[in-house]
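Heads up, the thing below is written out as structure tokens.
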Amino acid sequence: MVSVRQAVRAWAVEMKFSLVDQTKLVTAASELARNTLIHGGGGSARLEALEDGGRQGIRLIFEDQGPGIEDVKLALTDGYTTGHGLGLGLSGSRRLVNEFEITTSPGEGTRVAVTKWK
Amino acid sequence: MDRIPILKMGPFLLVTIQVDMHDRLALSLQDDLAERIASTEARGVLIDISSLEIVDSFIGRVLANIAAVSRVLDAQTVVVGMQPAVAITLVELGLSLPGVRTALNVERGMELLRAALESETLGSDGDASTAF
């Protein structure tokens, strides 16, 4: 988890994101990496540099082969948790990025992709 | 396993977090602090997070837990030095650290702890100003 945070920070610095945006992206990465680890039983994290008509962005993709999420809407509700946390991981990290995409179904694992544009 | 050092200064304990905190380290700090408060009879805990580049929901919860446990053990906690970008992110994430006292820097944090201790000492002497 610490290494995911450091990699995201290094990319965000390299792409000259503002300090606040760097912090938001690294925090979102930390939340999502923890979800992958705790709820998904481990998985992968991928970073992508995006370029779209002159604007730059970073996309983070977290994938696991865990139990998946039964009720995505509920999982995205502030304060809802199946673990011991505050229930802010998914809902909170969604607020820290520009685009948030979640693909999951019970027994099939979970994939969360988030994008932050500069 | 590495641990975050806890310094004793008079009736207070000082903690400076200078590493990128992983979850287990944060939890061990929580346990260590509770033990040190009890063994040193500390009346206050000052946690300097000025080197922390992020505070996510886990670390936020640990800080809130530390404050709650200290309170039960009759010690005040003050968290100092949060970077502005961290504060903005934390609030947007949905965390406002309820029950955690904060101060801008170590100096102000110490003032806060001293003032809290002083007003308590006055109160236990039966000072008239505490009658209300």
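Proteins come first, then strands; the chains are lettered A, B, ... in the order of their sequence lines, and each starts at number 1.
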**Message:** Can you tell me which of B/Gly94, B/Gly60, B/Ala64, B/Pro84 forms the most heavy-atom pairs within a distance under 4.5 Å of chain A?
**Reply:** B/Gly94
**Request:** With a 4.5 Å cut-off on heavy-atom pairs, point out which of B/Val86, B/Asp23, B/Leu95 contacts chain A the most.
**Result:** B/Asp23
same_hphob_cluster([X], [Y]) at 4.5 Å side-chain heavy-atom cutoff:
{"X": "A/Leu47", "Y": "A/Val97", "value": "yes"}
{"X": "B/Phe12", "Y": "B/Ile4", "value": "no"}
{"X": "A/Leu32", "Y": "A/Ile69", "value": "yes"}
{"X": "A/Leu50", "Y": "A/Phe62", "value": "no"}

**Prompt:** So which of B/Leu93, B/Ile54, B/Ile88 actually passes side chain to side chain contact (heavy atoms under 4.5 Å, CB included) with A/Lys24?
**Reply:** B/Ile88
What distance separates [X] [atom1] from [Y] [atom2], expressed to the nearest 0.5 Å?
{"X": "B/Ile59", "Y": "A/Ser30", "atom1": "CD1", "atom2": "OG", "value": "6.5 Å"}
{"X": "B/Gln83", "Y": "A/Thr23", "atom1": "CD", "atom2": "OG1", "value": "7.0 Å"}
{"X": "B/Glu53", "Y": "A/Gln6", "atom1": "CD", "atom2": "CD", "value": "9.0 Å"}
{"X": "B/Met21", "Y": "A/Arg5", "atom1": "CE", "atom2": "CZ", "value": "8.5 Å"}
{"X": "A/Leu88", "Y": "B/Phe58", "atom1": "CG", "atom2": "CZ", "value": "13.5 Å"}

[X] atom [atom1]: more than 12 heavy-atom contacts under 6.0 Å:
{"X": "A/Glu99", "atom1": "CD", "result": "yes"}
{"X": "A/Glu70", "atom1": "CD", "result": "no"}
{"X": "B/Glu107", "atom1": "CD", "result": "no"}
{"X": "A/Gln56", "atom1": "CD", "result": "yes"}

**Prompt:** Does any heavy atom of chain B fall under 4.5 Å from the side chain of A/Gln22, the backbone, both, or neither of them?
**Reply:**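 Neither part.
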**Message:** Looking only at heavy atoms and a cut-off of under 4.5 Å, which of A/Leu19, A/Leu96, A/Val26 has the most pairs with chain B?
**Reply:**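 Among the listed options, the one with the most contacts to chain B is A/Leu96.
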**Asked** Is the backbone N or O of B/Ser57 less than 3.5 Å from a side-chain atom of A/Glu31, with the two atoms forming a donor-acceptor pair by type?
**Response** yes
